[in-house]
Every structure is written in structure tokens, then in C-alpha cells.
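Remarks on the structure that follows.
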2 protein chains.
Amino acid sequence: MLATDRNLSIKNGVKPQAETQAETHELQGMVDLMSAPMTFRRNVEIYGEGEPAEYLYKIQIGAVRTYKVLADGRRQVGGFYLAGDTFGLETDAEHAFSAEAISECKLLVIKRSALVALAARDYDVACQLWALTGAELRKVQDHILLLIKNAEERVAAFLLEMAERVPVGATVELPMSRQDIADYLGLTIETVSRTLRHLESASTIQFSSSRRIVLRNRSALARLNT
Amino acid sequence: MLATDRNLSIKNGVKPQAETQAETHELQGMVDLMSAPMTFRRNVEIYGEGEPAEYLYKIQIGAVRTYKVLADGRRQVGGFYLAGDTFGLETDAEHAFSAEAISECKLLVIKRSALVALAARDYDVACQLWALTGAELRKVQDHILLLIKNAEERVAAFLLEMAERVPVGATVELPMSRQDIADYLGLTIETVSRTLRHLESASTIQFSSSRRIVLRNRSALARLNT
DNA sequence: CGGCGGCTTGATCGGTCTCAAGTACGGTGG
DNA sequence: CCACCGTACTTGAGACCGATCAAGCCGCCG
């Protein structure tokens with residue numbers, strides 16, 4: 001559950017009052033107006049699979065993973081969410097995955113019922129909710145294509161995906177552990193580590209530290225990305 | 001592209017006129033009113049990946065597969081759609097997958113722009129479009145969980161999924177080939193065949209013919225379904 | 001009866017997992 | 001600043017599962 005005793009009343013109405021009415025009809029604006037800030041520490045659960053999906057979340061700072069655990073303990077990471085990303089939106093009443101903070105996180109929390117009520121009056125908002133779910137669908141469909149590839153292709157695709165989302169030059173700063181990556185790619189931690197080292201020995205990538213990676217040969221990675 | 005020269009004008013307005021106005025606001029009713037019937041022969045493409053997503057499709061009779069082909073020729077089947085299912089709805093402008101008729105198919109074709117226009121006026125319709133995308137998202141998320149399992153677990157999950165969707169006693173009639181199943185499960189055709197035969201030798205299933213399977217021990221399958 | 005596509009079966013190969021150590025790193029306390 | 005600890009990551013050797021390659025079989029249709 002929401003690991004806090006904060007009151008989730010409408011807060012954070014800090015946008016300039018001069019803003020036009022039209023602009024506040026945009027989802028981004030509404031999120032700011034209807035949201036409450038919250039923080040989560042590393043590895044703390046934000047919500048659990050099967051819990052009522054009452055809120056959605058927008059990341060201001062930090063990173064989040066969603067995941068499911070199978071009966072035998074195997075874990076599948078559904079996705080990683082970084083600053084600016086939204087997660088936790090469901091069409092169903094319950095969350096399909098659990099969500100945890102990968103690093104210390106600052107989130108905006110929005111009550112789903114408030115957004116849905118707004119969508120009933122404002123068609124643009126309804127479209128944006130639909131588009132959010134559609135974007136999530138695309139991501140998951142791409143994820144499936146990952147899972148039929150070999151280890152090197154999966155790791156390459158992962159690096160390119162991360163590089164695209166954190167476009168700070170050619171260096172990728174990974175907030176997640178090798179275990180998180182392995183569970184995202186459907187590999188073991190050992191295979192992920194070996195594959196990364198293999199890419200390094202081929203001068204395709206270079207490690208600043210184990211979680212800071214410089215992409216030295218992006219086209220070689222893209223070639224692996226089938 | 002739409003492999004036909006039929007005119008896609010509004011047709012099929014065959015519902016009883018006594019039907020209430022409220023009822024026709026339901027998506028099901030609208031589909032019938034705004035749709036055109038079409039038929040596709042076995043293995044014929046209904047739409048291609050990357051083509052404009054102008055229509056969605058509801059299956060009256062037959063079965064459809066959606067798929068992507070990677071650069072090296074590997075094919076991933078995204079899903080199977082049976083009578084009563086809807087497919088081809090996108091939030092994006094283009095289809096993410098290709099779609100083909102598995103068997104001779106009778107479909108209802110609905111213009112997306114007509115539905116979207118209706119959704120702008122009728123919030124219930126907007127909700128149902130959102131819900132359709134949400135249901136698709138769930139299916140794909142479940143599919144990911146499949147792909148991290150071993151061969152026997154994947155095949156068992158596939159059989160249970162099909163049994164659920166064609167609930168004619170304990171017998172499952174598979175419209176798709178072993179190759180389709182293999183590409184759906186991320187396995188080879190040989191592994192699918194071997195695994196099915198192995199389940200047969202364990203008396204978990206029984207073949208009437210290669211595409212007619214009787215589930216003899218559903219709980220054994222469920223146990224494999226982690 | 002012959003041929004072809006779909007399916008099965010067998011033998012071998014290879015990629016990833018598993019099990020088991022070993023190493024680097026960040027943090028904490030002296 | 002260093003010693004220590006625990007966690008995260010790396011590296012190696014061997015086993016195993018599913019892929020690959022190669023025949024053969026079955027059922028259907030001309």
C-alpha cells in the first residue's frame with residue numbers, strides 16, 4: 001500500500017495563475033493541479049499486484065520498476081520508469097503488477113477517480129488516458145520481441161533503450177541492479193554480466209563503473225538489435 | 001492492405017428497429033450499425049505492420065493471428081483472435097503488427113474514425129475503446145509471463161488459454177498450425193510437437209487428431225502453469 | 001496412386017543456466 | 001585515513017534444455 005500517512009488532498013497548485021484555461025485542460029496541467037507529492041525510499045513498495053488501482057503516479061525524480069513474482073519465486077520485471085514517466089494507470093480495478101522504487105523517488109500521485117471524472121467532461125483528457133494505455137501497450141509489445149532474442153541481442157536492445165531515455169551524451173547511468181536487468185530481459189544475472197563484459201571486450205561499450213556505461217559503438221549495438 | 005475490392009460503406013444495419021436508443025449507445029450495438037462484413041481466405045493478410053490503422057475488426061467466424069517478422073526472418077505471433085474477438089484497434093496511427101486469417105474468416109470491419117467521432121460525443125463509447133486497449137494490454141502482459149517459462153509450462157499455458165476460449169467440453173479444436181503455436185510461444189515447431197506428445201504419454205492430454213486435443217487432466221496442466 | 005504440406009521423431013550441437021568461488025565497491029566505525 | 005563488512009558484481013566449469021539438422025510418417029487431394 002501507499003507507504004505514507006500523508007493526506008492525499010489536492011495540493012501542489014503552484015502553477016502560474018496567468019495560465020490559460022485551455023492549457024489547464026491538457027493532462028500535464030491537470031496532473032500538476034490534482035496531484036500530491038510523495039517520496040519513496042530505495043526498494044520500498046509503491047503498490048502491490050492485485051491491490052485496488054486508485055492512483056497513478058508520475059515520476060519527478062528517481063526510478064521505478066514494476067514486476068510480478070511467479071509461484072516458484074521467479075520474478076519478471078515488466079518495465080522501468082524514469083523521471084517524467086507515468087505508471088500505475090489501469091483500466092481494470094486492480095494493479096496487474098507490483099511497483100517498487102529502484103532509487104530514492106519523488107513522485108506525483110494522482111487519484112484515478114479524479115482523472116476519470118475529468119475525462120467524462122473533457123474529451124481531450126479521455127484521449128490522453130487512452131493514449132497512455134496505448135503507449136504502455138506498445139512498450140509491452142516491444143518487450144515481447146526482446147524475449148525471443150538471444151542474450152547478446154537482449155542486452156544490446158536494453159542498452160539502446162536506456163540510452164534513448166537518458167540522452168546525456170553516449171553515457172548511460174543505470175539506476176537498476178544486474179538482477180533487475182536480468183529479470184527484465186528474462187536472463188540470469190550471470191549471463192547479463194558476461195554479456196556486458198563481452199561487449200566491453202569487443203569495444204562496443206566501456207564501463208566507467210559497473211553502472212555507468214559509455215556506448216562506444218552504437219551501430220554495433222543497433223546491428224544486434226535485429 | 002485490405003485484400004478486397006468491396007466498398008466499405010455503412011452496411012449490415014440489420015438489428016431489430018425496436019431496440020432502444022440507450023442500447024445502441026453500447027459499443028456492441030454501434031459496431032453492428034457501423035460495420036461492413038468482409039471475408040478473408042486462409043493465410044490472407046488482413047493488414048500489414050506499419051500500415052495506417054483505419055479500421056478495427058470483429059470476428060464473426062474464423063480465427064486470426066497477429067505477428068511481426070524480425071529482420072532475420074524470425075516471426076513472433078502476438079496473439080490469436082477467435083469468433084467474438086476484436087482486433088486491430090490502435091491508439092497510434094499505424095498498425096504495430098500484421099494480421100492474417102488463420103482459417104476462412106468472416107469479419108465485421110469498423111472505421112476507426114467513425115468510432116472515435118462517436119466517442120467524442122458519447123463517454124461510454126470512449127470508455128469502451130479505452131477498455132479494449134486495456135484488455136489487450138493485459139493479454140500482452142500475460143504473454144510476457146509465458147515467455148520466461150520452460151517449454152512444457154508454455155505449452156500447458158497455451159492449452160489452458162485455448163480451452164478457456166473455446167469452452168466446448170474438454171476438447172480443444174486448434175485452428176492454427178504447429179508453426180503458429182511455436183511462434184506464439186517462442187519455441188520451435190519440433191519442441192512444440194515433442195512437448196505435446198510428452199503430455200500425451202503422461203495422459204495429461206489425448207489427441208483426436210493432430211489439431212483436436214482432449215484435456216484429460218486439467219489440474220496437471222494448471223500445475224505446470226506456475 | 002503419387003505428391004505435397006503438416007507433423008513427428010531421432011541424433012547432435014550449442015547457448016544459457018546452475019553451482020561455486022573470487023573480486024570490487026560503498027558505507028560504517030575506529 | 002584505514003580496516004572491516006556486506007552487497008553487488010564478476011568469472012569459471014559443468015550440466016541441461018531446447019535448437020538445429022535430418023529423416024520419416026501421416027493424411028489429404030488431385
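Each chain gets a letter, A, B and so on, in the order its sequence line appears, and its residues count up from 1. Please read all numbers here as calculations on a predicted model, not as lab measurements.
A cation-pi arrangement is absent between B:K139 and B:F87, since the terminal nitrogen or guanidinium carbon is not both under 6.0 Å from the aromatic centre and inside a 45° cone about the axis. Seen from the ring of B:Y184, B:K68 does not count as a face-on cation partner, given the 6.0 Å and 45° thresholds.
Within the structure, a side-chain polar atom (N or O) of B:T188 is placed less than 4.0 Å from OP1 or OP2 of D:dA19.
With contacts defined as side-chain heavy-atom distances shorter than 4.5 Å, the pair A:I181/A:L174 qualifies. Between B:M162 and B:F80 there is a side-chain heavy-atom pair separated by less than 4.5 Å. Looking only at side-chain heavy atoms (C-beta outward), A:E100 and A:R65 come within less than 4.5 Å of each other.
Rounded to whole Å, atom C1' of C:dC17 lies 12 Å from atom CZ of A:R154. Here the C1' atom of nucleotide C:dG6 and the CZ atom of B:R212 are 18 Å apart, to the nearest Å.
Partner of B:Y47 under the ring pair (Phe, Tyr, Trp, His ring centres under 6.0 Å) criterion, chosen from B:Y55, B:Y57, B:F97: B:Y57.
Taken residue by residue, residues 146-153 of chain A places heavy atoms nearer than 4.0 Å to DNA chain C at A:N150, A:A151.
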In B/S/- notation (B base, S sugar-phosphate only, - none; protein heavy atoms under 4.0 Å), nucleotides 7-13 of chain D written 5' to 3' is -SSBBBB
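Rounded to the nearest 0.5 Å, atoms NE2 (B:H143) and CG (B:L145) are 10.5 Å apart. Atoms CD and OG1, from B:E136 and B:T91 in turn, are 11.5 Å apart once rounded to the nearest 0.5 Å.
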